[in-house]
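Okay, so here's the structure we're looking at.
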Amino acid sequence: MKIASWNVNSLKVRLPHLQQWLAEAQPDIVALQETKTVDEKFPVDEIAAMGYRAVFSGQKTYNGVAILARDEPVDAVTDIEGLDDPQRRILAATVGDIRVVNLYVVNGKALGDEKYAYKLHWLAKVRDFLAEEIARHPKLVVLGDFNICRDDRDVYDPVAWGEDIFCSPPERAALQALLDVGLHDSFRLFTEDAGLFSWWDYRQAAFRRNMGLRIDLILISDALKSVATSSIIDKAPRKWEQPSDHAPVALELNL
DNA sequence: ATGGTGGGTGTCCCA
């Protein structure tokens, strides 16, 4: 069983990349972020032709999340208690006996910005939602673009970056609060290395210089931790023509 | 401190 996450930065533009990557990586479940596609225009037929069912929650121009799976995703949730939010950033669904929560965490822009306050409020509400989800679903995976670096190993130049956006103590505490409901950062079950990133800015040849951040995470509950066999970042699609600025991340389970 | 690049939209917003 392989479960993946990829911020595609426009599904319309990246559909050929997604198709190529699905064919090569053969994931069973994929969470997508920044589809930037209204539901009426979601490429259901193209996805079905690849052998995947899809649930999605999109909007015009911004945000948008989707879950693709070999088996039909059911019991989808797009809105959570306490967040009356027009931004389409959350999608939970059940595939088999695994509960999948796909998150496109608020970017936050800069410390002190109103978007930063919104990010922290949003994360607090998501924490409460996850506490309920894990109580109902022992096999829980929470994955997506978290827009937070857990620690300095996840930042290309932690001294220069300091405690700026993505690395501020309140953001890191908010991420830790998600983990504290009973989740594990699956990537860190397999490596303690620094300098392994999932996002690189389009500017300044950042990818070539490995000036990146690890902000795309796959968090798993105890029941899935016990059967996890690998958790990797697949840098290959970031090298393709007209790439997303994010690489896909993928978890393998012995299920 | 700024601006570099990219996507979607529309002559700017967001990342």
Side-chain angles (χ1 to χ4, degrees), chain A residues 5-21 30-43 46-47 56-66 83 85-91 102-123 126 143-150 154-168 170-172 174-175 197-217 233 235-249:
Chain A
S5 176
W6 196 4
N7 180 323
V8 292
N9 187 17
S10 170
L11 185 52
K12 183 180 172 184
V13 171
R14 228 68 66 190
L15 184 59
H17 283 210
L18 178 65
Q19 289 169 316
Q20 183 175 344
W21 190 75
V30 187
L32 303 177
Q33 304 84 36
E34 285 206 88
T35 55
K36 299 184 176 178
T37 306
V38 294
D39 293 348
E40 294 72 27
K41 292 185 179 174
F42 195 89
E46 292 87 340
I47 297 293
F56 35 84
S57 179
Q59 67 181 90
K60 194 178 174 186
T61 309
Y62 303 119
N63 308 312
V65 283
L83 267 186
D85 190 354
Q87 299 191 21
R88 302 292 81 196
R89 299 176 172 278
I90 300 173
L91 179 59
N102 180 11
L103 300 178
Y104 175 47
V105 175
V106 178
N107 177 291
K109 192 178 172 83
L111 272 66
D113 193 280
E114 63 181 22
K115 290 173 184 166
Y116 179 77
Y118 164 56
K119 182 180 196 174
L120 295 178
H121 174 72
W122 189 93
L123 284 162
V126 166
L143 73 177
D145 176 359
F146 285 74
N147 275 322
I148 300 171
C149 301
R150 268 192 81 202
D154 304 324
V155 184
Y156 69 91
D157 186 348
V159 174
W161 203 286
E163 295 185 346
D164 209 344
I165 191 72
F166 295 9
C167 296
S168 70
E171 288 169 278
R172 284 178 166 169
L175 175 55
F197 308 129
S198 65
W199 171 87
W200 302 261
D201 200 292
Y202 284 120
R203 297 164 283 194
Q204 301 176 312
F207 181 69
R208 181 178 57 75
R209 300 157 74 191
N210 198 34
M211 296 169 64
L213 305 172
R214 189 175 73 93
I215 52 178
D216 299 273
L217 309 178
I233 301 166
K235 289 173 70 172
R238 188 63 176 78
K239 302 170 185 170
W240 297 346
E241 285 285 314
Q242 203 179 10
S244 168
D245 44 353
H246 294 254
V249 296

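The figures that follow rest on heavy atoms only: side chains count, while hydrogens, waters and symmetry mates do not. Proteins get letters first, then strands, A, B, ... in listed order; numbering begins at 1 in each.
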Between [M] and [N], how far apart are the [atom1] atoms? Round to whole Å, please.
N	M	atom1	value
B:dC12	B:dA1	P	25 Å
B:dA15	B:dT9	P	15 Å
B:dG10	B:dC14	P	13 Å

Query raised in the report: Between A:Lys36 and B:dT9, does any side-chain N or O lie under 4.0 Å from OP1 or OP2?
Result: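 Checking A:Lys36 against B:dT9: no side-chain N or O falls below 4.0 Å of OP1 or OP2.
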When you get a sec, tell me which of [options] is the closest nucleotide to the side chain of [X]?
X	options	result
A:Gln204	B:dA15, B:dG4, B:dG7	B:dG4
A:Arg203	B:dG7, B:dT9, B:dT5	B:dT5
A:Lys60	B:dG4, B:dT9, B:dG6	B:dT9
A:Arg89	B:dA15, B:dT9, B:dG7	B:dA15
A:Tyr104	B:dA15, B:dG4, B:dG7	B:dA15

Query raised in the report: If each of A:Gln87 and A:Tyr202 is mapped to the nucleotide of DNA chain B with the nearest heavy atom, which maps nearer the 5' terminus, i.e. the 5' end?
Result: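 So the residue in question is A:Tyr202.
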**Report entry** Toward the 5' end of DNA chain B, by each residue's nearest nucleotide, A:Asn147 or A:Asp201
**Finding:**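 Taking each residue's closest nucleotide, the earlier one in sequence belongs to A:Asp201.
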Spacing of [X] atom [atom1] relative to [N] atom [atom2], expressed in whole Å:
X	N	atom1	atom2	result
A:Glu241	B:dG6	CD	C1'	14 Å
A:Leu18	B:dG7	CG	C1'	17 Å
A:Gln242	B:dG6	CD	P	9 Å
A:Asn63	B:dG7	CG	C1'	13 Å
A:Phe207	B:dG6	CZ	P	14 Å
A:Lys41	B:dT9	NZ	C1'	12 Å
A:Tyr62	B:dG10	OH	P	9 Å
A:Met211	B:dG3	CE	P	18 Å

Report task. Mind checking A:Lys109 for me? I need base, sugar-phosphate or nothing, with any heavy atom below 4.0 Å counting as a touch. Result ->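 Counting heavy atoms under 4.0 Å across all strands, no contact is made by A:Lys109.
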Report task. Apply the side-chain hydrogen bond (donor to acceptor under 3.5 Å, both in side chains) test between A:Lys36 and each candidate in A:Thr61, A:Asn9, A:Asn63; give the one that qualifies. Result ->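 One option only clears the test, and that one is A:Asn9.
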Requested in this report: Return yes if a side-chain donor-acceptor contact under 3.5 Å exists between A:Asn7 and A:Glu34, otherwise no.
Outcome: yes
**Report entry** Test ring-ring contact (aromatic ring centres under 6.0 Å, His included) applied to A:Trp240 - qualifying residues, sequence neighbours left out
**Finding:** A:His17
Requested in this report: Determine which pairs satisfy side-chain hydrogen bond (donor to acceptor under 3.5 Å, both in side chains) with at least one residue from residues 204-213 of chain A, sequence neighbours left out, and list them in order.
Outcome: A:Trp200-A:Asn210
Query raised in the report: Would you say A:Tyr104 and A:Asn147 make side-chain contact, with heavy atoms under 4.5 Å?
Result: yes
